[in-house]
Structure formats: structure tokens, C-alpha cells
Amino acid sequence: MTTFADDSIGKRIIESLLEKKLAACIQVLPIQSYYHWQGKIISDAEKQVMIKTKKSLYKEVEAEICLLHDYDVPEVIQLPIEIGLDAYLGWISESCGQ
């Protein structure tokens with residue numbers, strides 16, 4: 001999962017992850033974020049990005065996001081898939097390279 005505020009940055013990250021087959025599907029939702037940054041409390045309109053990929057590709061996904069992102073410290077976290085429809089999980093695995 002990651003976030004972005006600039007749509008052009010988000011599009012660049014999303015297209016790169018899909019083109020490189022580092023993700024099977026990417027979903028984007030509008031959110032309002034509140035956080036501490038450099039001694040202040042900040043509020044920004046952002047997009048939350050859910051990247052469907054394989055656990056084994058995390059480091060490559062992280063590196064690609066960090067390379068293309070405009071934030072000093074982008075949110076890049078991995079949430080485990082505890083369980084899911086076998087056919088859907090198989091599709092993710094088949095859609096991601098490597």
C-alpha cells in the first residue's frame with residue numbers, strides 16, 4: 001500500500017508497476033490524511049493505493065515506488081493476505097512476473 005497527492009506521480013508509479021508486472025491490479029481511493037511532519041500536524045488530500053502483488057515481489061515494488069515518488073518518505077507498507085478465493089489469488093500470481 002502507498003499514497004500519493006500528485007496524480008501525475010501516482011499515474012507514473014501505477015503504470016510502471018503494471019508494465020513491469022510487479023502488480024496484478026492496483027486500486028486507488030481518495031482519502032484525507034492527517035499526520036505529523038517536521039514538527040507540525042499536516043492534513044492533505046491524497047489517494048490511497050492498494051497494490052495486489054506477490055509477497056516475493058515486495059522489495060522490487062518498494063524500490064520502484066521510492067524511485068518514482070515525490071515524497072521524502074513515502075508510505076510503503078505490506079499487508080498480508082490472510083485468506084482469499086483460490087482463483088483470485090492464482091490470478092494475482094499468474095499476472096505478476098517472476
Side-chain angles (χ1 to χ4, degrees):
M1 185 174 356
T2 191
T3 58
F4 63 84
D6 182 318
D7 286 339
S8 63
I9 298 292
K11 184 177 181 188
R12 188 168 63 186
I13 291 168
I14 290 165
E15 289 176 351
S16 180
L17 292 173
L18 291 170
E19 287 171 5
K20 293 181 177 183
K21 295 193 175 251
L22 294 175
C25 172
I26 299 174
Q27 297 171 315
V28 181
L29 300 167
I31 60 169
Q32 188 68 31
S33 295
Y34 300 84
Y35 55 94
H36 293 276
W37 185 249
Q38 297 179 342
K40 298 178 186 171
I41 295 176
I42 308 292
S43 174
D44 283 322
E46 293 184 298
K47 302 285 183 11
Q48 185 175 56
V49 183
M50 183 72 64
I51 303 159
K52 312 294 180 57
T53 190
K54 299 189 290 189
K55 184 177 181 179
S56 62
L57 295 176
Y58 173 81
K59 284 294 186 188
E60 290 176 70
V61 169
E62 179 186 271
E64 194 68 14
I65 291 170
C66 289
L67 176 69
L68 299 174
H69 216 295
D70 61 336
Y71 289 1
D72 292 337
V73 182
E75 172 188 356
V76 185
I77 59 173
Q78 179 180 342
L79 302 173
I81 297 173
E82 297 292 331
I83 194 163
L85 180 68
D86 286 341
Y88 185 78
L89 298 179
W91 170 77
I92 288 175
S93 185
E94 289 172 14
S95 297
C96 295
Q98 305 164 4

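Each residue takes its place number in the sequence, starting with 1.
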Return the CD1 to SG distance between Ile13 and Cys66, rounded to the nearest 0.5 Å. 9.0 Å
Counting only heavy atoms not in Ile41, do more than 12 fall under 6.0 Å of its CD1? no
Can you tell me how far NZ of Lys11 sits from CG of Leu68, rounded to the nearest 0.5 angstrom? 14.0 Å
Members other than Tyr71 in its cluster, when Ile, Leu, Val, Met, Phe, Trp, Tyr link by side-chain heavy atoms under 4.5 Å? none
Glu64 meets the salt bridge (charged side-chain N to carboxylate O under 4.0 Å, His left out) criterion, sequence neighbours left out, with Lys20
Results of side chain to side chain donor-acceptor pair (under 3.5 Å) for Asp6 - residues two or more places apart only: Ser8
Do you reckon Leu18 sits in the same ILVMFWY cluster as Ile65, going by side-chain contacts under 4.5 Å, direct or chained? yes
Glu15: which residues meet the side chain to side chain donor-acceptor pair (under 3.5 Å) condition with it, sequence neighbours left out? none
Separation of Glu94 CD from Lys21 NZ (nearest 0.5 Å): 10.5 Å
Which heavy atom of Leu57 sits nearest a heavy atom of Cys96, and at what distance? CD1-CB, 3.6 Å
Please tabulate, one pair per line, all N/O donor-acceptor pairs under 3.5 Å involving side-chain atoms of residues 29-39, not counting sequence neighbours.
residue: Gln32; atom: NE2; partner: Ser43; partner atom: OG; Å: 2.7
residue: Gln32; atom: NE2; partner: Asp44; partner atom: O; Å: 3.3
residue: Ser33; atom: OG; partner: Glu46; partner atom: OE1; Å: 2.4
residue: Tyr35; atom: OH; partner: Asp44; partner atom: OD2; Å: 2.4

Taking a hydrophobic cluster as the set of Ile, Leu, Val, Met, Phe, Trp and Tyr residues connected by side-chain heavy atoms closer than 4.5 Å, whether directly or through intermediates, do Ile92 and Ile51 fall within one such cluster? no
Listed pairs under 3.5 Å, donor-acceptor, residues 74-91 side chains, sequence neighbours left out:
residue: Tyr88; atom: OH; partner: Lys52; partner atom: NZ; Å: 3.3
residue: Trp91; atom: NE1; partner: Ser95; partner atom: OG; Å: 3.2

Donor-acceptor pair, side chain of Thr2 and main chain of Val49, under 3.5 angstrom: no
